[in-house]
2 protein chains.
Amino acid sequence: MTKKTTEKQRLRAPSKRSLASRSRILDAAETVFARDGFEGAKVRDIAALAEVPLGLVNHHGGSKEALFREVVERRAEELARLRLEALAQAKGQGALDLTAILGCFFRPYLAKAAGSDPQWLAYARLVAMVSADPAWADISTDLFDPTAQRFMDEICALHPKVSRAVVAEGFVYSVAALLAFLTSEWRIAALASQSDAQASVEGLVAFCAAGCAARIAQAET
Amino acid sequence: MTKKTTEKQRLRAPSKRSLASRSRILDAAETVFARDGFEGAKVRDIAALAEVPLGLVNHHGGSKEALFREVVERRAEELARLRLEALAQAKGQGALDLTAILGCFFRPYLAKAAGSDPQWLAYARLVAMVSADPAWADISTDLFDPTAQRFMDEICALHPKVSRAVVAEGFVYSVAALLAFLTSEWRIAALASQSDAQASVEGLVAFCAAGCAARIAQAET
DNA sequence: GCTTATTTTGAACAATGGTTCAATTTAAGA
DNA sequence: TCTTAAATTGAACCATTGTTCAAAATAAGC
């Protein structure tokens, strides 16, 4: 079984033109969903932004909900891979402290957001939406939680005496701070400048690392 | 001018019955908005939950947007008052450190959420919605920012050498952590137990105070 | 108790928005 | 080149939903 069983049987390969349409639709959906939320987003707005007829959105994306899931999934895999790679590389260079671990979790995202592809900033809003709304809990479970668990494993290894619940608490607060950073207007502006972005990231990491350390120390006493 | 000029002229006092309807509608709106978001919420659901005819919602609440604003405003004033009172009282008992200042900001909210009125938990979701969505920026500016500025003044006074931007950064991250705490499923469960609630709050305050302190220390060097 | 502003009710309206579909065009595979 | 699956198009469908309205019921003010 080399392919997912959910994949529809195809008698022909998709044409280059259809691939381009599909890509434009996903990009437009990402932008509109991030801007207006799931309920607020209109399939017609997505079609208009992608410059395709209305019917084509459903043809390529399926239902509105399926389209949303696909948009979220599209970048989640790449992001998870980058994070785990950063963690593996850092571990190869010696023992990790809290700051280093959180840095491996934060930096790949921030590098993308500050990078050339502006769609990554829209994606941050999608992650915040999914994280905040219990209706999308299954997406979090499937796409985000495994990586988070991996990083929490690392922190737990650093502090064998504290419960995983305490580590999770600090981690959740840290992710909340990260999302606040990425979705706030003034930070987005800061990300435009390379030096400002660097300083901002260090500030965020310092905040979260010290916060986690304090919470863990509190539990240890 | 003892009354707001925007207030409609009234020839008669509202009846007790109309006051009860109005209150039930606002409570229902709070619950439904918190559960489904602004776009996802249906005026019909609000009417059904309040057990009033559909038309009565518009009669008392005005447009859907006006109703949402009123629901948010309703508790904002009380919350702001409690926070400022806590701050004033703490200042009367001696010099404040970072932990004490943040405690004055966090505890009134958490006490309400852990208290007898379950609607305060729904309200936390509304605050998170308003904070996250740029479309409601004017609500944040009017209702939330003044109190936040007051608390940041206090932190700035503690650390005269660091820029207000650095203080604001830590404060925003702290509020994000607070909202993550209040809107996450597992924390809500913890709030049910008085002792668990106490421990959770201390953990949150410890995280944010240490985070802010680290960010400020980083800026001072 | 009378008057009348206010509240309540149920229905209807008009616009919105997700989805479906038949017909047409395009291009992949042989 | 020929066949035909896939992609595209534009329109229509139909449930949903915010809002309005006129008539009836209620209760405040005198």
Side-chain angles (χ1 to χ4, degrees), chain A residues 3 6-72 129 135-136, chain B residues 3 7-33 35-72 129 135-136:
Chain A
K3 298 215 170 197
T6 58
E7 197 163 316
K8 239 179 288 182
Q9 187 188 42
R10 276 197 169 282
L11 301 181
R12 282 193 191 170
S15 69
K16 188 181 294 185
R17 183 150 167 244
S18 86
L19 250 30
S21 291
R22 181 186 176 74
S23 175
R24 286 228 311 288
I25 288 171
L26 289 176
D27 284 350
E30 188 168 58
T31 299
V32 174
F33 278 135
R35 189 188 61 198
D36 300 335
F38 178 75
E39 302 286 350
K42 299 161 196 169
V43 177
R44 281 170 173 79
D45 286 348
I46 295 172
L49 186 60
E51 293 178 303
V52 298
L54 174 61
L56 205 54
V57 175
N58 288 62
H59 179 71
H60 277 122
S63 71
K64 185 182 176 184
E65 180 177 327
L67 178 61
F68 180 79
R69 288 177 184 276
E70 188 163 353
V71 166
V72 175
M129 285 169 51
W136 302 116
Chain B
K3 299 214 169 199
E7 198 165 314
K8 238 178 288 180
Q9 188 186 42
R10 276 197 167 281
L11 301 181
R12 283 192 191 171
S15 69
K16 190 182 291 185
R17 184 150 166 244
S18 87
L19 249 31
S21 291
R22 180 186 176 75
S23 175
R24 287 229 311 289
I25 288 171
L26 288 176
D27 285 349
E30 187 169 59
T31 300
V32 174
F33 279 136
R35 189 187 62 200
D36 301 334
F38 179 76
E39 303 285 351
K42 299 158 195 171
V43 178
R44 279 170 176 78
D45 287 347
I46 296 172
L49 186 60
E51 295 178 299
V52 297
L54 174 62
L56 204 55
V57 176
N58 286 59
H59 178 71
H60 278 122
S63 71
K64 185 182 175 184
E65 181 178 326
L67 179 61
F68 180 79
R69 289 179 184 275
E70 188 163 354
V71 165
V72 175
M129 286 169 50
W136 302 117

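Only a predicted model underlies this, so the values are computations on that prediction, with no experimental measurement involved. Letters go in sequence order (proteins before strands), and every chain restarts at 1.
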Indicate every side-chain donor-acceptor pair of residues 31-41 of chain A with a distance under 3.5 Å to a residue at least two apart or in another chain.
{"residue": "A:Thr31", "atom": "OG1", "partner": "A:Asp27", "partner atom": "O", "Å": "3.2"}
{"residue": "A:Thr31", "atom": "OG1", "partner": "A:Gln119", "partner atom": "OE1", "Å": "3.1"}

How close or far is atom P of C:dT7 from atom CZ of B:Arg24, stated in whole angstroms? 15 Å

Residues forming a side-chain hydrogen bond (donor to acceptor under 3.5 Å, both in side chains) with B:Arg24, sequence neighbours excluded: none

Using the salt bridge (charged side-chain N to carboxylate O under 4.0 Å, His left out) rule, collect all pairs that involve residues 54-72 of chain A, keeping only residues at least two apart or in two chains. A:Arg22-A:Glu70, A:Glu65-A:Arg69, A:Arg69-A:Asp138

Distance from A:Leu56 atom CG to A:Ile46 atom CD1, nearest 0.5 Å? 12.5 Å

Gap between atoms CG and P, on B:Leu67 and D:dT19 respectively (whole Å): 10 Å

Do you know the tightest heavy-atom contact between A:Gly61 and A:Ala66? O-CB, 3.7 Å

So if I define the base as every atom that isn't primed, P, OP1 or OP2, how would nucleotides 10-17 of chain C read as a B/S/- string at a heavy-atom cutoff under 4.0 Å? B-B----B

Rounded to the Å, how far apart are B:Ile46 CD1 and D:dT17 P? 12 Å

Answer yes or no: does a side-chain N or O of A:Ser63 lie under 4.0 Å from OP1 or OP2 of C:dG18? no

D:dA6 C1' sits how many Å from A:His60 NE2, rounded? 9 Å

Supply the atom-to-atom distance A:Asp45 CG to A:Leu54 CG, rounded to the nearest 0.5 angstrom. 10.5 Å

Rounded to whole Å, the CD1-P distance (A:Ile25 to D:dT8) equals 7 Å

Rounded to 10°, the helix from C:dG1-D:dC30 to C:dA30-D:dT1 deviates from straight, judged by its five-pair end axes, by 30°

Hey, is the side chain of A:His59 poking within less than 4.0 Å of OP1 or OP2 on D:dT9, counting only N and O atoms? no

When you measure from the side-chain N and O atoms of A:Ser21 to the phosphate of D:dA7, is any distance below 4.0 Å, counting only OP1 and OP2? no

Any side-chain heavy atom of B:Leu67 sitting closer than 4.5 Å to one from B:Leu26? yes

Starting from P on C:dT19, measure out to CG on A:Asp45 and report it in whole angstrom. 15 Å

